[in-house]
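Reviewing the structure listed below.
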Amino acid sequence: MAGSPTARRRRLSIELKKLRENNSLTCAQVGAALDWSGSKVNRMETGSGRVQPSDVDALCRFYATTDELREFLKSLARQAKTRGWWQVHGSGVPEWFSIYIGLEQDASTLRQYQCEVLPGLVQAEAYVRELHASGSYMSPEDIDRAVRVRLERQTMLSGPEAPDSWFIVNEGAVRRIVGDRELMRTQLEHVLEVVEQPNVTLQVLPFDAGTCPTTGSFTMLGFPDPEDPDIVYRDGITDAMYLEGEPHVRQYTRAFDELRAAALSPRRTVQLIRNVVKEYAQ
């Protein structure tokens with residue numbers, strides 16, 4: 001079972017919705033039977049609010065589940081209330097991004113395309129700080145918190161349960177100077193170190209790759225438990241979009257595969273980055 005509070009909350013929502021649908025009931029019908037509103041049932045199934053173990057108990061008894069399943073779901077509800085390590089940093093982590101971090105912590109596969117900047121999980125500290133500080137509305141204290149969170153997230157790539165991670169990066173993100181040439185040289189040297197890990201693959205999509213099957217960056221997360229479906233994540237300046245369901249995942253998987261086919265091979269990618277490092281060193 002997934003371990004972060006976010007993943008537990010998501011798993012609980014999935015299981016509660018499955019129970020209702022298996023009983024061929026609507027949210028309104030379940031709510032009426034339990035003297036709740038239908039919207040409360042819907043919130044519990046979408047993970048948009050805290051779910052109390054007592055409410056889970058009432059639902060399971062109404063659905064006539066086994067005692068084992070009831071206790072399992074109640075334990076999910078209790079564990080979903082705990083705070084993730086990243087949440088102690090407060091305003092350094094927006095709520096919409098906090099959800100993503102919780103899911104990322106439990107992913108077994110990670111597929112990401114970045115068209116503007118290098119992937120967050122391979123960014124060096126100076127690069128991270130420059131991105132947050134440049135034109136940022138964040139206070140210096142919040143920038144410090146955001147930097148610490150990103151660096152802590154990166155440890156997942158080398159942990160005992162590190163996800164199989166595949167990054168595709170537009171060549172513009174490699175050549176665009178963030179900070180100055182020295183900062184970029186150090187950043188790209190850091191990238192070369194990260195991609196030496198066996199679970200990390202990086203490809204650069206070159207300028208001459210032609211038409212691409214996407215108009216923006218995205219991430220696909222896969223999970224070890226088949227009961228936890230894959231999810232597609234896209235973010236902006238002030239919010240994020242989470243796409244679930246087989247049609248969405250299928251389309252983004254196809255787009256990622258096409259990007260992967262158009263990009264340089266991992267070996268040629270490393271050579272390109274080494275060449276750019278030499279350019280920045282001159």
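We're numbering straight along the sequence, starting at 1.
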Criterion side-chain contact (heavy atoms from CB on, under 4.5 Å) against Arg111, the qualifying member of Thr253, Asp230, Asp164: Asp164

Indicate the atoms forming the closest heavy-atom contact of Ser108 with Pro224, along with that distance. OG-N, 3.3 Å

According to a hydrophobic-cluster definition based on side-chain heavy atoms being under 4.5 Å apart (Ile, Leu, Val, Met, Phe, Trp, Tyr only), do Ile101 and Met241 belong together? no

Nearest heavy-atom pair of Ala162 and Leu157: which atoms, and what distance? CB-O, 3.3 Å

Spell out, as yes or no, whether a donor-acceptor pair under 3.5 Å connects the side chain of Gln154 to the backbone of Gln123. yes

Heavy-atom side-chain proximity of Met220 to Ile231 below 4.5 angstrom: no

Do Leu121 and Tyr113 sit in one hydrophobic cluster, given that two such residues count as connected whenever their side-chain heavy atoms are within less than 4.5 Å of each other, even indirectly? no

Under 3.5 Å donor-acceptor, Gln197 side chain and Val194 backbone: yes

State yes or no: do Ile273 and Val200 share one hydrophobic cluster built from I, L, V, M, F, W and Y residues joined by side-chain heavy-atom distances below 4.5 Å, directly or via other members? yes

For Arg175 and Glu279, run salt bridge (charged side-chain N to carboxylate O under 4.0 Å, His left out): C-alpha distance rounded to whole Å, both residues' side-chain angles, the deciding distance at 0.1 Å, then the answer. CA-CA 10 Å; Arg175 295 189 177 278; Glu279 293 173 14; 3.3 Å; yes

Ignoring hydrogens and angles, tell me if any N or O in the side chain of Asp180 forms a donor-acceptor pair with the backbone of Glu182 under 3.5 Å. yes

Looking at Val178, Val128, Val174, which one forms a side-chain contact (heavy atoms from CB on, under 4.5 Å) with Leu118? Val174

Check whether more than 12 heavy atoms from other residues, nucleotides or ligands sit under 6.0 Å from atom NZ of Lys17, and answer yes or no. no

Do other residues, nucleotides or ligands put more than 12 heavy atoms under 6.0 Å from the CZ atom of Arg234? yes

Using the side-chain hydrogen bond (donor to acceptor under 3.5 Å, both in side chains) rule, take Ser217 and Gln114 through it: C-alpha gap first, then chi angles, then the decisive distance, then the call. CA-CA 5 Å; Ser217 303; Gln114 282 287 351; 3.2 Å; yes

Quick one, Phe62 with Leu34, criterion side chain to side chain contact (heavy atoms under 4.5 Å, CB included). Give me CA distance, side-chain angles, the key distance, then yes/no. CA-CA 8 Å; Phe62 173 70; Leu34 295 173; 4.1 Å; yes

4.5 Å side-chain heavy-atom contact, Leu264 and Gln203: no

Would you please indicate if the ring centroids of Phe218 and Tyr252 are separated by under 6.0 Å? yes

Is it true that a side-chain atom of Gln29 and a backbone atom of Thr26 form a donor plus acceptor pair closer than 3.5 Å? yes

So that I can tick it off, tell me whether Asp144 and Arg148 are bridged by a salt bridge, with the cut-off set at under 4.0 angstrom between side-chain N and carboxylate O. no

Here the gap from Thr201 atom OG1 to Arg260 atom CZ, rounded to the nearest 0.5 Å, amounts to 9.0 Å

Between atom OG1 of Thr65 and atom CD of Glu71, what is the distance when rounded to the nearest 0.5 Å? 9.0 Å

Hey, are Arg70 and Asp67 close enough for a salt bridge, meaning a charged N less than 4.0 Å from a carboxylate O? yes

When you check the side-chain N and O atoms of Tyr100 and Glu104, is any donor under 3.5 Å from an acceptor? yes

List the atom of Ala262, the atom of Pro206, and the distance in Å for their closest heavy-atom pair. O-CD, 3.9 Å

One should read off an interatomic distance between His132 NE2 and Tyr127 OH, to the nearest 0.5 angstrom, of 11.0 Å

Once rounded to the nearest 0.5 Å, what's the spacing between atom CD of Glu258 and atom CG of Leu205? 12.0 Å

Asn22 versus Tyr63: any side-chain heavy-atom pair under 4.5 Å? no

Less than 4.0 Å between a side-chain N and a carboxylate O, is that true for Arg129 and Glu125? yes

Cluster check Phe256, Phe223: I/L/V/M/F/W/Y, side chain < 4.5 angstrom: no

Within-4.5 Å side-chain heavy-atom neighbours: Arg267 and Val270: no

Determine whether Arg43 and Ser39 make a side-chain contact, defined as any pair of heavy atoms from C-beta on separated by less than 4.5 Å. yes

Nearest heavy-atom neighbours spanning Pro229 and Ile14: CD-CD1, 3.5 Å

Would a 4.5 Å heavy-atom cut-off, applied to side chains only, mark Leu202 and Val122 as touching? no

With no hydrogens and no angle check, is any side-chain donor or acceptor of Asn199 less than 3.5 Å from a backbone partner on Ser158? no

To the closest 0.5 Å, what do you measure between NE2 (His190) and CZ (Arg185)? 14.0 Å

Do Thr46 side-chain atoms and Ser13 backbone N/O form a donor-acceptor pair below 3.5 Å? no

Neighbour count above 12 (heavy atom, 6.0 Å) for Glu68 CD: no

Does the side chain of Val51 come within less than 4.5 Å of Leu12's, by heavy atoms? yes

Leu59 CG to Leu73 CG distance, which is reported to the nearest 0.5 Å: 9.5 Å

With distance as the sole test, does Gln112 use its side chain to make a donor-acceptor pair with the main-chain N or O of Phe167 at under 3.5 Å? no

Val56 vs Cys60, test: side chain to side chain contact (heavy atoms under 4.5 Å, CB included). Steps then yes/no. CA-CA 6 Å; Val56 173; Cys60 287; 4.1 Å; yes

Between Ala107 and Pro163, which heavy-atom pair has the shortest distance, and what is it? O-CB, 3.4 Å

Note: Leu25 and Arg20 closest approach over all heavy atoms is O-NH1, 2.8 Å

Tyr242 with Val249, same ILVMFWY side-chain cluster at under 4.5 Å: no

Decide salt bridge (charged side-chain N to carboxylate O under 4.0 Å, His left out) for Glu21 and Lys18; before the verdict, give the C-alpha distance in whole Å, the side-chain angles of both, and the deciding distance to 0.1 Å. CA-CA 5 Å; Glu21 292 179 340; Lys18 187 189 305 181; over 6 Å; no

Counting C-beta onward and ignoring hydrogens, is there a side-chain heavy-atom pair between Glu15 and Leu19 closer than 4.5 Å? no

